[in-house]
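Below: the structure, in structure tokens.
Both backbone and side-chain heavy atoms feed into the values below; hydrogens, waters and symmetry mates do not.
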Amino acid sequence: MTQQQAIQKLWRFVGIYGWQRALNKAVARKRPAWIRPAWIRGMNPRGVEVSVVGCGQFAFSCICFFIQKHKGTVFLTAFDTNPERAASLGRYYGFRQIGLSARDVFDNPAVRLLYVVSNHASHTPYAVEGLKRGLDVYVEKPVSVSYEQLVELSAAQRSAMGRLFAGYNRPYSAAIQTIREQVATRAPAGGFSLSYFINGHLIPDDHWYRDPDEGTRVCGNLGHWIDLTIHIWQWRSLPDWVDIQIAYANLNEPDDNLCVTFTTNKHDVVSMMLTARTEPFEGISESINLQYGDVIARIDDFRTLTLWQGNHRRECRYQPKDVGHERAVMQPYHISNRDWHEVSVSTLLMLYIKDMVLERRSASRFEIQSQVAQLETDINQTLTTPVAVAST
């Protein structure tokens, strides 16, 4: 990218996110050692309780940005398997400690709230460890990348003193919450019609998102809209089953440039197109169309929402763009609007689709009730199985 393009991109981001967030995103990419935010000089030592595992771009430009915005410098320990990332995040946000290992996070008696923003396959292990130690845990999406991980996480959540929050942000966006309010006022109207068109980041073949052990792009990207679909269905009630059809543009790249469709016994129809044939200049963008009864809604990249109900038309504009990150990140400080059952079901469906993609399958039926029943059985078995103690 040329210097002129970089300046143009920054200016575009200012229009989308505002000056403060746009500049923060730019700093997060470069992380120059000389930058010291002015507010660090006025740190208040009270209320220091937040530790972060995983110090990459998202932790820098989103998680810590919004925590600092609302709660100030409450950061305790930063840890990343890349020490330079941990050091730059800790330096910028005024963390009290840079962890040399994950034990530095978990063994610090002052920690109360843990944000897990590491690579996808490590989300569950870190979250489980935090729950076992009585912490409140915010785990970024995906919460698990295998069925076994989901069982382990769910069992830990059931037996934990702390609370567990999922980092799926779109249900917290103002546009989705506005649509929910409109649907809630209508009489039951049968099925939902939903379509998603997602312009994703162009990533190389060897990018870690594509690693089957990390859940592929199904867990890394498509899981957002699978989760949002389950959330929207739950406004009414979940269907009994979901018929899944997948069209692949290239079977050598099955988790990219694909279209996933759902139909259900409640007459829902859903289509999800994930395409990444070029890098979008303004980052990931999406359009969402919804119809339920006489409610018709169109979301344009979470910058505008247009609602129609009969002859009534309403338009909402969001400046800055509101994809729900701020409310999602601040869940531990407020009452969450997500039932963990929703997250469990969306994760089960996501993992089912991930397996379909890895096997290049094009059609299958997902039985929600039987899948949930099996998960409950396996959770209970995990909770009642004695932990083996190694002999000395």
Does [X] [atom1] have over 12 foreign heavy atoms under 6.0 Å away?
X    : atom1 : result
Q4   : CD    : no
R360 : CZ    : yes
W235 : CH2   : yes

For the residue pair F192 and Y292, categorise the inter-ring angle as parallel (less than 30°), tilted (30 to 60°) or perpendicular (more than 60°).
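The arrangement is parallel - the two ring planes meet at less than 30°.
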
Just say parallel, tilted or perpendicular for the rings of F262 and W233, cut-offs at 30° and 60°.
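Ring orientation, 0 to 90° scale: tilted.
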
Below 6.0 angstrom between ring centroids: does that apply to [X] and [Y]?
X    : Y   : result
H325 : F58 : yes
Y93  : F60 : yes
F95  : F75 : yes

A side-chain contact here means heavy atoms from C-beta on lying under 4.5 Å apart; do [X] and [Y] qualify?
X    : Y    : result
I299 : T304 : no
H231 : S346 : no
L10  : L23  : yes

D268 and R236 ion-paired at < 4.0 Å:
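A salt bridge is present here (some side-chain N lies under 4.0 Å from a carboxylate O).
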
Report yes or no: do E253 and Y248 form a side-chain donor-acceptor pair below 3.5 Å?
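Result is no, nothing qualifies.
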
